[in-house]
Amino acid sequence: MDNNFHTYRLCMGSNTPNGRDLVKKATALLKSEFAIVATTEIIKTASIGNASCLFYFNSGICLSAPLSKENLKSRLKQIEIDFGREKGKEVVTMDIDIITMDNTIVHPDYHKQYVKYLMNRLATKLSNTK
């Protein structure tokens with residue numbers, strides 16, 4: 001564990017029919033474990049390159065944690081598994097990615113339109129709380 005708090009912006013999503021509920025449950029779980037600074041609404045986005053599904057439910061979360069990026073990523077991957085995620089499967093019950101750490105982009109998905117939208121929504125919410 002790292003004693004310095006870091007600010008992370010995450011993007012989470014699910015492409016299951018009950019994906020909206022799964023995103024809400026994952027958000028509640030994160031709120032029980034971490035200091036959540038801001039969340040976005042859940043948006044429905046078109047699937048990119050996944051012929052078996054038409055859409056995802058996605059949201060953004062900003063949290064503060066005394067964890068290294070690697071330790072947070074490890075915890076998020078465990079949450080994905082707990083939600084039924086199986087790597088290589090087209091059905092994605094839960095996907096949670098670290099998009100930024102301390103305002104530095106750390107994930108290439110940042111450049112996807114829906115991720116930028118969610119990160120901008122978080123930035124707006126964060127600027128309104130100052």
Side-chain angles (χ1 to χ4, degrees):
M1 185 136 110
D2 154 348
N3 290 328
N4 298 317
F5 272 78
H6 298 283
T7 301
Y8 295 97
R9 293 184 192 178
L10 314 176
C11 185
M12 73 167 60
S14 175
N15 69 358
T16 65
N18 64 332
R20 184 178 300 276
D21 291 333
L22 291 176
V23 168
K24 286 178 184 178
K25 286 178 183 173
T27 299
L29 178 61
L30 289 171
K31 284 181 178 180
S32 75
E33 293 186 25
F34 299 104
I36 302 298
V37 181
T39 61
T40 69
E41 70 277 17
I42 298 171
I43 61 171
K44 191 173 180 179
T45 58
S47 177
I48 301 170
N50 185 345
S52 70
C53 112
L54 299 176
F55 58 85
Y56 275 79
F57 292 101
N58 295 103
S59 73
I61 294 178
C62 181
L63 62 83
S64 179
L67 298 175
S68 68
K69 184 178 83 155
E70 294 74 22
N71 287 342
L72 178 60
K73 183 176 182 176
S74 176
R75 177 62 189 124
L76 297 176
K77 294 306 162 200
Q78 186 58 55
I79 291 170
E80 290 177 356
I81 292 166
D82 292 347
F83 273 73
R85 174 86 190 255
E86 294 181 54
K87 278 293 187 192
K89 300 280 185 177
E90 289 188 349
V91 173
V92 179
T93 54
M94 184 54 55
D95 181 36
I96 310 172
D97 294 317
I98 300 170
I99 304 299
T100 69
M101 175 184 177
D102 298 329
N103 294 317
T104 300
I105 298 167
V106 296
H107 198 289
D109 280 0
Y110 175 84
H111 301 287
K112 292 181 179 178
Q113 185 177 1
Y114 74 93
V115 176
K116 276 188 177 179
Y117 171 80
L118 290 170
M119 296 303 108
N120 286 336
R121 295 288 295 146
L122 284 173
T124 299
K125 287 182 174 233
L126 292 168
S127 69
N128 288 338
T129 61
K130 291 181 181 177

- Message: Strictly distance-based, threshold 3.5 Å: is any side-chain N or O of Thr39 a donor or acceptor partner for the main-chain N or O of Ile61?
- Response: no

- For the hydrophobic clusters of this structure (ILVMFWY residues joined by side-chain heavy atoms under 4.5 Å, transitively), does one cluster hold both Ile105 and Tyr117? yes

- Item | Approximate separation, where rounding is to 0.5 Å, of Met101 CE and Leu67 CG | 9.5 Å

- Give a yes or no on whether the backbone of Met94 and the side-chain of Ser14 come within a donor-acceptor separation of less than 3.5 Å. no

- Message: Surrounding CD of Glu41 (heavy atoms of other residues, nucleotides or ligands, distance under 6.0 Å), is the total greater than 12?
- Response: yes

- Message: One pair to check against side chain to side chain contact (heavy atoms under 4.5 Å, CB included): Val115 and Asp97. What are the steps and the verdict?
- Response: CA-CA 10 Å; Val115 176; Asp97 294 317; over 6 Å; no

- Message: Just verifying a value: how many Å separate Thr45 OG1 and Asn15 CG, rounded to the nearest 0.5 Å?
- Response: 9.5 Å

- Query: From Thr104 OG1 over to His6 NE2, what is the distance, rounded to the nearest 0.5 angstrom?
  - Reply: 11.0 Å

- Under a 4.5 Å cut-off applied to non-hydrogen side-chain atoms, are Leu126 and Arg9 in contact? yes

- Message: Quick check: do Met119 and Leu122 have side-chain heavy atoms less than 4.5 Å from each other?
- Response: yes

- Query: So, does Thr16 use its side chain to make a donor-acceptor pair with the main chain of Gly19 at under 3.5 Å?
  - Reply: yes

- Path from Leu29 to Val23 over hydrophobic side-chain contacts below 4.5 Å: yes

- Message: So does Ala35 get a backbone contact from the side chain of Ser64, meaning a donor-acceptor N/O pair under 3.5 Å?
- Response: no

- Does the Ser74 side chain pair with the main chain of Glu70, one donor and one acceptor, at a distance under 3.5 Å? no

- Item | Working for salt bridge (Lys or Arg N to Asp or Glu O under 4.0 Å), residues Lys77 and Asp82 | CA-CA 9 Å; Lys77 294 306 162 200; Asp82 292 347; over 6 Å; no

- Item | Point-to-point distance, once rounded to the nearest 0.5 Å, from CG of Leu30 to OH of Tyr8 | 13.5 Å

- Any side-chain heavy-atom pair from Tyr56 and Asp95 closer than 4.5 angstrom? no

- Message: Can you tell me how far apart CG (Leu22) and CZ (Phe83) are? Round to the nearest 0.5 Å.
- Response: 6.5 Å

- Find out whether Ile98 and His107 are in side-chain contact, i.e. whether some heavy atom of one side chain is under 4.5 Å from a heavy atom of the other. no

- Query: What's the shortest heavy-atom distance between Thr93 and Gly84, and which atoms?
  - Reply: OG1-C, 3.1 Å

- Write down the atom of Tyr114, the atom of Cys11, and the distance for their closest heavy-atom approach. CE1-SG, 4.0 Å

- Message: Just verifying a value: how many Å separate Leu10 CG and Leu118 CG, rounded to the nearest 0.5 Å?
- Response: 11.5 Å

